[in-house]
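In this text, all values refer to a predicted model and were calculated from it rather than measured experimentally.
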Amino acid sequence: MSEAAAMAASVEIVEVAPRDGFQSIAEPLPTAEKIAVIEALLDAGITRMELGSFVSPKSIPQMADMAEIAAHFRGRAGARLAVLVPNARGAELALQHGYADLVFVVSVSEAHNLNNVRQTVAQSLDQLRAIVAATAGTPGLRLRVDLGTSFDCPFTGTVPMDDVARVFAEALAIAPAAEFALCDTTGRADPLNVRNRFAAMMRMSPDTAWAFHGHDTFGMGVANALFAYEAGVRVIEGAAAGLGGCPFAPGATGNTATEDLDFAFAEGGIRTGIDRAKLLEAADRIAALPDARTGGHLRAVPRARAAA
């Protein structure tokens with residue numbers, strides 16, 4: 001990419017700490033603290049965020065207060081706020097609470113999908129089909145399908161590219177208008193593999209909008225995001241302070257830190273729209289949460305240099 005092209009470029013960083021990050025904390029956090037963290041992230045210029053999940057509290061107790069959080073941020077101007085839904089019932093709850101920006105996850109790996117949601121991949125795709133049917137005709141509906149374990153499975157190892165292509169094709173047939181994400185659930189992907197897999201998927205479906213969700217388990221989170229961008233991906237997910245670590249993927253550490261992603265892209269002349277000083281303040285607040293599993297690098301740099 002030329003310097004002129006880089007200066008004209010931008011990337012959309014999706015903040016997932018309130019969903020993928022919070023669910024990694026075992027003890028339920030006070031609702032007021034969750035709201036304060038989300039407010040701090042929005043104040044830092046985050047314009048797209050996953051607020052949480054409309055899932056059974058028995059499955060993820062941390063999301064038991066989702067209705068209260070959804071009510072607080074309903075209709076918030078200037079931000080695209082999404083919620084994860086596991087089935088048609090979750091989608092109906094999201095719509096009832098005023099949210100038509102939905103996220104659905106299916107793992108490419110059968111072993112991980114069974115461990116994560118206690119369903120086969122085929123059963124999860126049936127859930128996607130039910131969600132599409134339940135939300136048909138909803139004004140402003142936007143659906144995102146996350147393809148978990150698109151690179152590696154914690155139980156079976158490297159996930160074949162043919163499996164990724166097959167599950168994507170089946171999901172695309174059900175939700176042709178959806179945005180899709182390749183997810184490095186375990187953080188085991190490497191930059192060249194990220195670039196190559198996205199290139200293959202884009203050849204397979206040129207009109208699909210793509211996103212990348214990464215973890216930093218092996219220290220490749222930022223590099224993987226940059227190579228996804230080079231492949232043509234313009235939506236990258238991160239979690240402030242590197243909060244997270246999939247509770248259903250043994251050994252996976254936190255999401256790639258949003259502040260690290262912002263630094264890498266912005267320093268390369270790619271606009272993020274984020275106020276880094278405020279983002280670092282929000283990340284510090286997240287890192288102070290009890291039992292928070294955090295990571296990232298930028299918070300360890302002297303603040304005057306990191307926020308410059």
Exercise: do T256 and D216 side chains pair donor with acceptor under 3.5 Å: no
For a quick test of reading the model, state the closest non-hydrogen atom pair linking A111 to T156 and the distance between them. CB-CG2, 3.9 Å
Going through the checks in order, is the salt bridge (charged side-chain N to carboxylate O under 4.0 Å, His left out) test met by D291 and R293? CA-CA 6 Å; D291 196 33; R293 294 157 55 186; over 6 Å; no
Does E27, at its CD atom, have more than 12 non-hydrogen atoms belonging to other residues, nucleotides or ligands within less than 6.0 Å? no
Side-chain heavy atoms of T31 within contact of I69, under 4.5 Å: yes
Test salt bridge (charged side-chain N to carboxylate O under 4.0 Å, His left out) on K34 and E68; report intermediate values, then the result. CA-CA 11 Å; K34 292 181 183 179; E68 295 171 72; over 6 Å; no
I need the minimum non-hydrogen distance between G21 and S24, along with the two atoms involved. O-OG, 2.6 Å
Aromatic rings W210 and F180: how do their planes relate, parallel, tilted or perpendicular, breaks at 30° and 60°? tilted
Where at least one partner belongs to residues 70-95, residue pairs that pass side-chain hydrogen bond (donor to acceptor under 3.5 Å, both in side chains), sequence neighbours excluded: E39-H72, E39-R76, R80-D101
Could you check whether any side-chain heavy atom of R276 comes within less than 4.5 Å of a side-chain heavy atom of L298, counting everything from C-beta outward? yes
I'd like to check T208 versus F168 (side-chain heavy atoms, cut-off strictly below 4.5 Å). Are they in contact? yes
Any donor and acceptor pair, going by atom type alone, linking the side chain of Q123 with main-chain N or O of T120 inside 3.5 Å? yes
Which residue pairs pass the ring pair (Phe, Tyr, Trp, His ring centres under 6.0 Å) test with at least one member in residues 253-274, sequence neighbours excluded? Y229-F265
Is it true that a side-chain atom of Q62 and a backbone atom of L29 form a donor plus acceptor pair closer than 3.5 Å? yes
Taking all atoms of both residues into account, what is the closest heavy-atom pair of T258 and A240, and its distance? OG1-N, 3.0 Å
How about F104 and D146: do any of their side-chain heavy atoms sit closer than 4.5 Å? no
Are any side-chain N or O atoms of E259 and backbone N or O atoms of A283, one a donor and one an acceptor, separated by less than 3.5 Å? no
Would you say the side chain of R197 lies within less than 4.5 Å of the side chain of V164, judging by non-hydrogen atoms? yes
Check: G296 main-chain N/O paired with R299 side-chain donor or acceptor under 3.5 Å: no
Measuring only between side-chain heavy atoms, which start at C-beta, is D20 closer than 4.5 Å to H215? yes
What closest approach, in Å, do S107 and N116 show between heavy atoms, and which atom pair accounts for it? OG-ND2, 4.3 Å
Taking V55's backbone N and O only, do any of them form a donor-acceptor pair with S53's side chain (distance below 3.5 Å, no angle check)? no
Whether the side chain of T149 engages the backbone of S109 through a donor-acceptor N/O pair (distance < 3.5 Å, no angle test) should be reported. yes
Take atom CZ of R188 as the centre, draw a 6.0 Å sphere, and report whether it contains more than 12 heavy atoms from other residues, nucleotides or ligands. no
With a 4.5 Å limit on heavy-atom distance, are the side chains of D184 and V194 in contact? no
Test item: E237 and E15 side chains (from C-beta on) under 4.5 Å apart, heavy atoms: no
Of all heavy-atom pairs linking V105 and L84, the shortest is CG2-CD1, 3.5 Å
R271 vs D262, test: salt bridge (charged side-chain N to carboxylate O under 4.0 Å, His left out). Steps then yes/no. CA-CA 9 Å; R271 291 177 284 108; D262 173 69; over 6 Å; no
T158-D152 side chain donor-acceptor pair, cut-off 3.5 Å: no
Using a 3.5 Å distance criterion without hydrogens, assess whether the side chain of N255 forms a donor-acceptor pair with backbone atoms of G238. no
Residue pair I35 / F73: nearest heavy atoms and the distance that separates them: O-CZ, 3.7 Å
Just by modelled atom types, is the M202 backbone N or O under 3.5 Å from a matching donor or acceptor in the S205 side chain? no
